[in-house]
There are 2 protein chains.
Amino acid sequence: MGITERKERQRGELREHILQVARDMVMKEGFGALSMRKLADAVEYAPATLYLHFENRDAIARELCVRGFQELLAALEPAAAVKDSAERLSQLAEAYLAFGLKHPETYRLIFMEDPKLSADLFQDKKEGPGPKSFALLVRAFEDLKADGRALEATSAERLAEVFWAGLHGIISLKLTCSGFQGAPAEALVKTLVATLVHGPKPARRSR
Amino acid sequence: MGITERKERQRGELREHILQVARDMVMKEGFGALSMRKLADAVEYAPATLYLHFENRDAIARELCVRGFQELLAALEPAAAVKDSAERLSQLAEAYLAFGLKHPETYRLIFMEDPKLSADLFQDKKEGPGPKSFALLVRAFEDLKADGRALEATSAERLAEVFWAGLHGIISLKLTCSGFQGAPAEALVKTLVATLVHGPKPARRSR
DNA sequence: AGCAATAAATGAACGGTGTTCACCGAACGG
DNA sequence: CCGTTCGGTGAACACCGTTCATTTATTGCT
């Protein structure tokens with residue numbers, strides 16, 4: 001009686017296929033260009049069929065959102081493995097920036113589109129990709145403080161939040177107000193790392 | 001023969017009225033909820049009439065965008081008049097944050113919606129509200145450097161860009177990923193100012 | 001005053017969107 | 001073999017931005 005299992009599997013495969021095609025559309029033409037009708041057309045089903053697998057267009061978007069975030073998290077992993085805390089933060093910043101510039105539409109979807117979409121990422125206080133990747137930053141700053149190389153008056157959590165916000169600001173400004181920044185994003189990230197991590201004064205040398 | 005003048009004036013007044021109503025709609029329900037038909041309905045004209053005064057929906061959005069930015073610039077003006085450079089930067093940051101939190105939909109429209117909209121703000125290299133307000137920040141950092149209170153290895157322009165990006169990151173994350181930040185935005189801005197302006201080490205006391 | 005010209009405003013249409021629901025047909029269980 | 005269940009769909013509803021021929025109002029001129 002593996003017949004209902006087969007059906008379930010096929011159902012899941014179709015769902016996956018739809019998401020895959022939707023992902024391609026978003027990456028190629030942006031989230032705004034993702035329409036249920038075009039998507040249905042692309043997967044060769046009637047529009048109504050999509051609603052058998054997803055409640056909404058937003059449901060698809062949310063799913064793409066968490067998947068995009070997981071990709072981002074995966075892209076950060078190598079950098080997170082670096083031993084030295086300062087170097088780790090520097091490489092995390094570079095990896096984060098690289099992801100944002102390489103997948104602008106995905107980045108937009110995750111962080112700039114709609115609060116409803118990103119809500120899923122951070123609702124679980126401990127689990128979920130959002131807090132998990134944030135914890136990477138916090139740990140790095142904790143290590144940095146343990147080495148006596150960071151502002152002692154400020155908690156690692158807050159430093160991590162400011163760090164993330166700084167990175168996000170650089171990327172999102174580049175994505176929407178491209179003509180604004182004079183310096184390339186890489187240089188700005190370097191400055192951000194220099195001030196927040198290495199300390200702002202006359203570019204102190206290590207410990 | 002002031003008759004054509006009267007017509008011109010009336011034309012301008014209607015245009016202004018349309019923009020005013022559109023502004024209200026955006027502030028109340030967000031840019032996405034601004035539709036030509038609802039707007040036409042609100043000003044009691046046929047939809048087609050709007051196209052006698054604006055090329056596009058985007059044209060209206062662009063206009064709202066530059067006006068929003070001018071409001072932002074106006075909100076920064078008091079802070080920009082402060083003598084002490086460090087204090088000035090601190091107050092500029094506070095004012096910027098306050099504007100973003102007070103007019104979230106306007107802020108979204110200016111900085112987070114569509115590159116096409118914000119393009120107008122920064123295209124003129126020297127004139128225009130964009131470069132003008134950016135110059136405020138640059139000047140503040142120049143003054144800060146003149147007082148010997150800032151990273152000498154980094155240009156004032158770059159510091160200003162990172163500063164702006166940091167502020168924008170804090171606000172835009174708050175607006176879209178509200179559940180993300182643990183600390184209130186004001187605290188994050190304070191930390192940002194502390195590290196970028198006052199210097200990160202043990203919270204140095206003024207000059 | 002009456003008429004031609006000009007400007008303002010519109011109704012209706014086109015092609016697009018998300019979403020719903022009654023319906024169909026094929027596969028399944030008894 | 002028949003009834004039920006379920007994947008799939010066509011057609012519809014209510015919107016959207018935009019265009020254009022047409023109507024309506026206003027102006028300038030004779």
*If you look at every strand shown and take non-hydrogen atoms under 4.0 Å, does A:Leu39 touch a base, only sugar-phosphate, or nothing?*
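Nothing, no heavy atom under 4.0 Å.
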
*Between B:Arg11 and A:Tyr51, which has a closest nucleotide on DNA chain C that is more 5'?*
B:Arg11

*Report the distance from atom CG of B:Leu89 to atom OH of B:Tyr96, rounding to the nearest 0.5 Å.*
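It comes to 14.0 Å.
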
*Below 4.0 angstrom from OP1 or OP2 of D:dG17, is there any side-chain N or O of B:Asn56?*
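It does not, given that no N or O in the side chain of B:Asn56 lies less than 4.0 Å from OP1 or OP2 of D:dG17.
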
*Is any side-chain N or O of B:Ser35 closer than 4.0 Å to OP1 or OP2 of D:dC15?*
no

*asked:* Output the rounded distance in Å from CG (A:Asp58) to P (C:dG18).
replied: 11 Å

_Between C1' on D:dC16 and CD on B:Glu29, what's the gap in Å once rounded to a whole number?_
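These atoms are roughly 15 Å apart.
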
Nearest-neighbour nucleotide for the [X] side chain, [options] considered:
| X | options | answer |
| --- | --- | --- |
| B:Lys38 | C:dA9, D:dC16, D:dG8 | D:dC16 |
| B:Ala48 | C:dG18, D:dG8, D:dT19 | D:dT19 |
| A:Arg37 | D:dG8, C:dT17, D:dG17 | C:dT17 |

*Would B:Phe99 and B:Tyr107 count as a close aromatic pair, with their ring centres under 6.0 Å?*
no

*Establish, yes or no, whether the cationic atom of B:Arg62 lies under 6.0 Å from the six-membered ring centre of B:Phe54 and within 45° of the ring axis.*
no

*Does NZ or CZ of B:Arg158 fall inside the cone over B:Phe163's six-membered ring, less than 6.0 Å from its centre and within 45° of the axis?*
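No.
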
